[in-house]
Every structure is written in C-alpha cells, then in structure tokens.
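Some notes on the structure that comes next.
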Amino acid sequence: MDYPIALPSQLTQHLRSLRKARGLTQAGLAQLLGVVQSRVADIEAKPGAVSVEQLIQILSVLGAGVVIRDSSLTCEEPVTLTGKASKAAKAGKVVKTNDPPQGQW
C-alpha cells in the first residue's frame, strides 16, 4: 500500500504505524538499528531532522521503502521515450539528462 507524504511532519504517523504493525517497540526498533531508544523517539517526533540515509535504513528495517513518483504523470499517460533515450532504455542502460529536477527543494 502507498502512503503519500507531502510534508516531513506526516512521517511521524506513518513511521509509528509501521513500527507498531511490525510488533516493535521503540526499544526493539532501536536495537535493530543499533541506536538507543531515545533516538527512535526523536526520529518519530521530528522525522524532518533525520538524514535521507537514516530514513531509508529505518524504512528498510520496517519492511518499507521510498518511491519517487512524478505527480504530473498518471497511469493513463505513459512516458514515451524517443531517440537515444529509447535505444538506451531498450538496451537496459541508464539515460543521463542535463535537465534539473522540477519543483522546489
């Protein structure tokens, strides 16, 4: 199931729910992550302060992951690659572009 996240503060509820759904206490999750329980409490309280690397590690331990979805595309609008990009994709190669990501960082 997907859990769309628009703001870091929304992670609090989802991280806590995932942890509890796995039957883990903060202390149990902390042990799996190799940190102290208070660190897990801090992360759940202020998930925007955690690094991306740490967030991915936590999600991995909880059996979840990160998906980046281009919200300007829908299932009804498939992306069609042309030219070099199409040939590279068919060959299973990564296509590098000079275009910066759109949106605010």
Side-chain angles (χ1 to χ4, degrees):
M1 174 175 247
D2 289 347
Y3 301 96
I5 303 291
L7 303 169
S9 60
Q10 293 173 308
L11 284 170
T12 295
Q13 174 187 350
H14 295 298
L15 290 174
R16 188 172 292 127
S17 293
L18 283 169
R19 175 178 56 76
K20 289 181 177 184
R22 303 308 185 258
L24 292 170
T25 62
Q26 287 182 344
L29 178 57
Q31 186 175 16
L32 293 172
L33 293 169
V35 298
V36 295
Q37 177 273 327
S38 61
R39 178 66 181 136
V40 172
D42 290 342
I43 291 168
E44 286 184 357
K46 294 177 68 178
V50 69
S51 73
V52 174
E53 183 177 350
Q54 291 170 327
L55 177 61
I56 290 173
Q57 181 185 10
I58 292 165
L59 290 172
S60 177
V61 167
L62 293 173
V66 176
V67 174
I68 298 173
R69 181 173 296 128
D70 186 342
S71 61
S72 67
L73 301 175
T74 64
C75 294
E76 293 81 32
E77 301 173 14
V79 175
T80 304
L81 300 176
T82 60
K84 291 180 182 178
S86 177
K87 290 177 185 174
K90 288 177 185 173
K93 297 180 181 176
V94 174
V95 179
K96 191 172 183 180
T97 177
N98 292 329
D99 297 334
Q102 299 299 311
Q104 295 182 352
W105 294 88

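- Side-chain atoms of Gln10 come within 3.5 Å of backbone atoms of Ala6 as a donor-acceptor pair (strictly under, hydrogens ignored).
- Of the candidates Val40, Ile43, Leu29, Ile58, Val35 forms a side chain to side chain contact (heavy atoms under 4.5 Å, CB included) with just one, namely Val40.
- For the atom pair OG1 of Thr25 and NZ of Lys20, the computed distance is 11.0 Å after rounding to the nearest 0.5 Å.
- A continuous path of ILVMFWY side-chain contacts below 4.5 Å connects Val52 to Leu62, so both sit in one hydrophobic cluster.
- Distance CG/Leu11 to OG/Ser17: 11.5 Å, rounded to 0.5 Å.
- In terms of heavy atoms, Pro8 sits closest to Pro47 at O-CG, 3.2 Å.
- In this structure, CZ in Arg19 is found 9.5 Å from CG in Leu15, a value given to the nearest 0.5 Å.
- In this structure, Leu18 is not a member of the same hydrophobic cluster as Val67, with clusters built from ILVMFWY side-chain heavy atoms closer than 4.5 Å.
- Remark: Ala41 pairs with Gln26, Gln37 by the side chain to side chain contact (heavy atoms under 4.5 Å, CB included) rule, at least two apart or across chains.
- Both Val61 and Ile56 sit in one connected hydrophobic cluster of ILVMFWY residues. Membership requires side-chain heavy atoms under 4.5 Å apart, directly or through other members.
- Side-chain contact between Gln57 and Leu32 is absent, with no heavy-atom pair separated by less than 4.5 Å.
- With hydrophobic clusters built from ILVMFWY side chains whose heavy atoms lie under 4.5 angstrom apart, Val66 shares a cluster with Leu33.
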